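Step one of this worksheet: look at the structure below.
Note that the structure is a prediction, hence the values are computed from the model and not measured.
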Amino acid sequence: MRTTSRTAVYAGTAVLCAAALGGCSDGGGDGGSSPSPSSSKEAATVEVRSSGLGSILADGSGRTLYLFEADKSRKSTCEGSCAKAWPPVVVEGKGGPRAGDGAESGLLGTTERKDGSRQLTYDGHPLYRYQGGGKPGDTAGQGLDQFGAEWFVLDPSGKKITDGKKKGKKPSEKPQESDGGY
């Protein structure tokens, strides 16, 4: 009986390792590349959604958008492991960003990232999603202090909302999803 349990644990571990390694590649680079942007056509859409923090910005799929206080200009400072935990909202192709319900088209723009991709901006702030907040309307990243600065949701005018800021111990800077044992 004990051997069967041990075999099951080993088999489960092997499956998890294979799944983790399946998402890896040598990339041929320095390991600091940003994650692939969403292939959804809605990825470059900004709209306003209601939340427990009031009216906030979200992408076309309803996922909450954040600003990173370390970004002191239109240029993103979130690269490598930061961009894995906080994926930048990237505009695909030659098209531009689109204002959805409640968003102001005059506040939309893009900025070029180090890898040459175009990141969506709103009122001059590069925009990100939080890897730990997977479902639409989730504001789990609000007020977190990670990668050297805090992260905040934005209101429809592009100003950060500081309500709901997390209190207490500084959270881990690692993404909540497994990163293959690192």
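Of the possible polar contacts, one joining the Ser76 side chain to the Cys78 backbone as a donor-acceptor pair under 3.5 Å is found. In this structure a side-chain-to-backbone donor-acceptor pair under 3.5 Å is present from Gln142 to Ile161. Between the side chain of Arg118 and the backbone N or O of Gly96 there is no donor-acceptor pair closer than 3.5 Å. Side-chain N or O atoms of Arg74 include one that pairs as donor or acceptor with a backbone N or O of Thr110 at under 3.5 Å.
Annotation: side chain of Lys75 is not in contact with side chain of Lys114 (no heavy-atom distance under 4.5 Å). In this structure the side chain of Leu154 reaches within 4.5 angstrom of the side chain of Leu127, judged on heavy atoms. A 4.5 Å side-chain heavy-atom check between Tyr66 and Leu144 finds every atom pair outside the cut-off.
Distance check, rounded to the nearest 0.5 Å: CZ of Phe152 to CG of Leu67 gives 7.5 Å. To the nearest 0.5 Å, the span separating CG on Asp138 from CZ on Arg63 amounts to 8.5 Å.
Centroid-to-centroid, the aromatic rings of Trp151 and Tyr128 come within less than 6.0 Å.
Salt bridge annotation for Lys160-Glu150: absent, with no cationic side-chain nitrogen under 4.0 angstrom from a carboxylate oxygen.
When the side chain to side chain donor-acceptor pair (under 3.5 Å) test is applied to Thr77, the partners found at least two apart in sequence or on another chain are Asp71. For the side chain to side chain donor-acceptor pair (under 3.5 Å) test, residues two or more places apart in sequence or in another chain that qualify with Asp155 are Ser157. With sequence neighbours excluded, the residues satisfying side chain to side chain donor-acceptor pair (under 3.5 Å) with Arg49 are Glu47.
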